[in-house]
Student: 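Below is one structure. I have some questions about it.
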Amino acid sequence: MKILYFAWLRERLNRGEEQVSPPDSVATVADLIDWLAGRDEAFALAVAKRSLIRSAVDAKLVPHDTPIAGASVVAFFPPMTGG
Amino acid sequence: MSVRVTTEAFDPGAETNAFLAGDQGAGAAVTFSGLVRSRPDDPITSLTLECYPDLAINQLSVLIDEAMARFELIAATIIHRYGTMTPGEPIVQVMTLAPHRAAAFAGAQFLMDYLKTDAPFWKLETSPAGSVWVAPRDDDDSARARWEEPALASI
């Protein structure tokens, strides 16, 4: 599974993407955030305030309770400031 | 209807003229251009927009479909640039074509209000003092929320 990071989240993690292989027990976006936070202190600190983290699964904007079974790309990013 | 997400600079006048050459049933067109702003008391040297293009195209396409149906537009286009720009350059252009002006205005405003909070772009302002990620604005959230209020939902 490919993970993408954008904006200040990308900067704080020092990477824009990575490949991960979470165990089957990681069922939702929220589970994935917890799992990534458990293996990386920088990630845990960056996502400490979960309400500031938006997510997308396979280029669709989704809430954190969305299942990730079969997903190939999950993206995490701060609230959007375009326009 | 079309969506364009691009690092290339665009010419709002040329885009408008091409868009207007559309449909004889249209009595009204509204075009909005969003520009890189530098406040005189707090000038920036450049603005960089980061983008997740795959998601941007999906999100903007959903928005356009919804605006077309909700306001019975004849056509709608969103152009959004990303990368590094200087003050005065266009960032975004939203254009709507409708039989009458009310729908054209409302459709353009709806698209801009949703685009601000729902399209994956992030602004980084650079000044002589350094670079800062722009914080989301509460009034952008309230501008979007008004389209969900029953009193305005029928516009």
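Quick note on labels: first sequence line is chain A, next is B, and so on, each numbered from 1. Just so you know, these numbers use all the heavy atoms, side chains as well, and skip hydrogens, waters and symmetry mates. Everything quoted here is computed from the prediction, not taken from an experiment.
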Student: Taking the side chain from B/Asp54 and the backbone from A/Ala59, do they hold a donor-acceptor pair closer than 3.5 Å?
Tutor: no
Student: Same cluster or not: B/Leu115 versus A/Phe77, using hydrophobic residues (I, L, V, M, F, W, Y) connected whenever any side-chain heavy atoms lie under 4.5 Å apart?
Tutor: no
Student: Which atoms of B/Asp140 come close to chain A, meaning under 4.5 Å heavy atom to heavy atom: side chain ones, backbone ones, both, or neither?
Tutor: neither
Student: Spell out, yes or no, whether A/Val26 and A/Tyr5 are grouped together once hydrophobic residues are joined by side-chain heavy atoms under 4.5 Å, including indirect joins.
Tutor: yes
Student: Can you tell me which portion of A/Ala7 sits under 4.5 Å from chain B's heavy atoms? Options are side chain, backbone, both or neither.
Tutor: both
Student: Distance-only, no hydrogens or angles: does the B/Lys116 side chain make a donor-acceptor pair with backbone N or O of A/Thr81 under 3.5 Å?
Tutor: no
Student: Looking at every heavy atom in both B/Leu49 and A/Gly82, which two are closest together, and how far apart are they?
Tutor: CD2-CA, 4.4 Å
Student: CD of A/Gln19: more than 12 outside heavy atoms within 6.0 angstrom?
Tutor: yes
Student: Verify the cluster assignment for B/Val30 and B/Ile64: are they in a single hydrophobic cluster under the rule of side-chain heavy atoms below 4.5 Å apart?
Tutor: no
Student: Using the rule that Ile, Leu, Val, Met, Phe, Trp and Tyr join whenever any side-chain heavy atoms are under 4.5 Å apart, tell me whether B/Tyr82 and B/Ile44 fall into a single cluster.
Tutor: yes
Student: For B/Ala56, is it the side chain, the backbone, both, or neither that has a heavy atom closer than 4.5 Å to a heavy atom of chain A?
Tutor: neither
Student: A/Glu11 versus B/Trp133: any side-chain heavy-atom pair under 4.5 Å?
Tutor: yes
Student: Going through the checks in order, is the side chain to side chain contact (heavy atoms under 4.5 Å, CB included) test met by B/Tyr52 and A/Val73?
Tutor: CA-CA 12 Å; B/Tyr52 178 7; A/Val73 181; 3.9 Å; yes
Student: Check for a donor-acceptor pair, side chain of B/Lys123 on one end and backbone N or O of A/Gly83 on the other, with a separation under 3.5 Å.
Tutor: yes
Student: Please tell me whether A/Ile53 and A/Leu45 are part of a single hydrophobic cluster in this structure, the criterion being side-chain heavy atoms less than 4.5 Å apart.
Tutor: no
Student: Mind listing the closest non-hydrogen atom pair of B/Leu55 and A/Leu61 along with its distance?
Tutor: CD1-N, 3.5 Å
Student: What distance do A/Met80 atom CE and B/Thr117 atom OG1 have between them, rounded to the nearest 0.5 Å?
Tutor: 7.0 Å
Student: What distance do B/Trp122 atom CH2 and A/Arg54 atom CZ have between them, rounded to the nearest 0.5 Å?
Tutor: 11.0 Å
Student: Counting only heavy atoms from other residues, nucleotides and ligands, does the tally under 6.0 Å from CZ of A/Arg15 exceed 12?
Tutor: yes
Student: Any chance CD of B/Glu72 has more than 12 other-residue heavy atoms, nucleotides or ligands included, within less than 6.0 Å?
Tutor: no
